[in-house]
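First the structure, in the form of structure tokens, and then the observations on it.
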Amino acid sequence: MKKRVLSGMQPSGRLHLGNLLGALQNWVYLQDDYDCFYFVADWHALTTGYADTSAVAENTRNVLADWLAAGLDPERSTVFIQSMVKEHAELHLLLSMITPLGWLERVPTYKEKQDQIKDRDLGTYGFLGYPVLQSADILIYRPAFVPVGVDQLPHLEITREIARRFNHLYGGDVLPDPEGLLAKFPKVPGVDGRKMSKSYDNCLYLSDSPELNDKKIRTMMTDPARARRTDTGNPDVCPVFDLHKIFSSDDERSYCADGCKTAGIGCMDCKKVLITHVLALLEPIYTKRQEYIANPRLLEEIAVAGSRKASAAAAETMSAVRSAMKLP
Ligand code: TRP
Ligand code: SF4
């Protein structure tokens, strides 16, 4: 039997190349060797966005379309939506009973996000309990591995602590503690050279047309010292070259690096090589995504079927949890 993998993402809008390389592609590969569960964490979006919920459903559909287009395969994996599997809420409630407040107050993201987000009141029960809900999301599937970014490691650590506390209090090994799995490409530069991020408006989106992404790369920031074609440049300080490190072959990379340092090639020659690679990756995803977006029925069917499968798996853990806790 294959070991289980579980991961989730908050639906905060359309996904970009950074999400694809940093997380999603890894999720796609894991499908070959693991029994994978992937879900859209729409309840988690409410922990900060509770006052205006108008975009949650649409963002959830967009993320789902991005996932399927990128190669998450509902035939092989269980792809679902958190709010459609009510067992998450039940386990969240039970785990909240055994989670000391001090553990939650000490999670670094708790203070950080409160400092970051000033326009909303995050002094809520739900926001403090974010990691308990996440723990329930994870432990309810008893996965061996949870592929996440480094930012999620504190949440995974508290998940493991909660699992151990549960097992200690109620006996046995009902909730095995899972391990994190870090992705290969944690940092992808955006078109302005900063880390690719929705909040910087510097992204190549999976939902952008090939023409738009072509244009974005053509106008992407380069080594500022290469203002003219005749100026030499330094690939080490150029975000275009950072993308070459991800996408291009050794030969292409040395062609670009040498041409840059000697002004033998122009930035557009260098970018053209990159554009070919980026579009070869993104164009098929874009095309497939368009089909899902044009067919909301199909998206819904996939979400319903996946959530039913997830629910069945979650129900098994809940029986074991209730019985360990001697609940009726
Ligand atoms: N907190 C995660 C994020 O912001 C989303 C998430 C919710 C998650 N539940 C999870 C990730 C369970 C992994 C496992 O990206
Ligand atoms: Fe950057 Fe390439 Fe231009 Fe050099 S040639 S500055 S690496 S885009």
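All ligand and atom numbering here is 1-based and tracks the order in the structure.
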Quiz prompt | Under 3.5 Å: N/O of S7 near N/O of ligand 1 | solution = no

Quiz prompt | Atoms of ligand 1 close to H44 [distance to a heavy atom under 4.0 angstrom, numbered from 1] | solution = 7 (C), 9 (N)

Quiz item: Side chain or backbone of F39 under 4.0 Å from ligand 1, or both, or neither, by non-hydrogen atoms?
Solution: side chain

Quiz item: Salt-bridged, K2 to D33, with N to O below 4.0 Å?
Solution: no

Exercise. Show which atoms of ligand 1 fall inside a sub-4.0 Å distance from at least one heavy-atom site of L6.
Key: 14 (C)

Quiz prompt | A41 neighbourhood, listing ligand 1 atoms whose heavy-atom distance to it stays under 4.0 Å | solution = 7 (C)

Quiz item: What pair of heavy atoms forms the shortest contact from R142 to A320, and how long is it?
Solution: NH1-CB, 4.1 Å

Quiz item: Which residue supplies the protein heavy atom nearest to atom 14 (C) of ligand 1, what is that atom called, and how far is it?
Solution: I138 CG1, 3.6 Å

Exercise. Could you find the nearest protein heavy atom to atom 9 (N) of ligand 1 and give me its residue, atom name and distance?
Key: D137 OD2, 2.8 Å

Practice problem: For the residue pair H277 and F247, categorise the inter-ring angle as parallel (less than 30°), tilted (30 to 60°) or perpendicular (more than 60°). | Solution: parallel

Self-check item: Q152, M9, Q10: member with heavy atom nearest to atom 2 (C) of ligand 1
Solution: Q152

Self-check item: Electrostatic pair D177-R164, nearest N-O below 4.0 angstrom
Solution: yes

Practice problem: Specify the protein heavy atom at minimum distance from atom 11 (C) of ligand 1: its residue, its atom name, and the distance to 0.1 Å. | Solution: G8 O, 3.3 Å

Quiz item: When you look at CZ of R194, are more than 12 heavy atoms from neighbouring residues, nucleotides or ligands closer to it than 6.0 Å?
Solution: yes

Exercise. Give a yes or no on whether D32 atom CG has more than 12 heavy-atom contacts from other residues, nucleotides or ligands under 6.0 Å away.
Key: yes

Quiz item: Pick from V150, V148, L156: which one makes a side-chain contact (heavy atoms from CB on, under 4.5 Å) with Q152?
Solution: V148

Quiz item: Do the two ring centres, one from F127 and one from Y110, sit under 6.0 Å apart?
Solution: yes

Quiz item: How many N, O or S atoms of the protein are nearer than 2.8 Å to atom 1 (Fe) of ligand 2?
Solution: 1

Exercise. Mind listing the closest non-hydrogen atom pair of P74 and V79 along with its distance?
Key: CA-CG2, 4.4 Å

Quiz item: Between D66 and R14, does at least one N-O distance fall below 4.0 Å, as a salt bridge requires?
Solution: no

Quiz item: Under 30°, 30 to 60°, or over 60°: which ring-plane class applies to H44 and Y130, parallel, tilted or perpendicular?
Solution: tilted

Quiz item: Mind checking whether Y130 has an N or O less than 3.5 Å away from an N or O of ligand 1?
Solution: yes

Practice problem: For atom 8 (C) of ligand 1, state which one of Q134, H155, H88 supplies the nearest heavy atom. | Solution: Q134

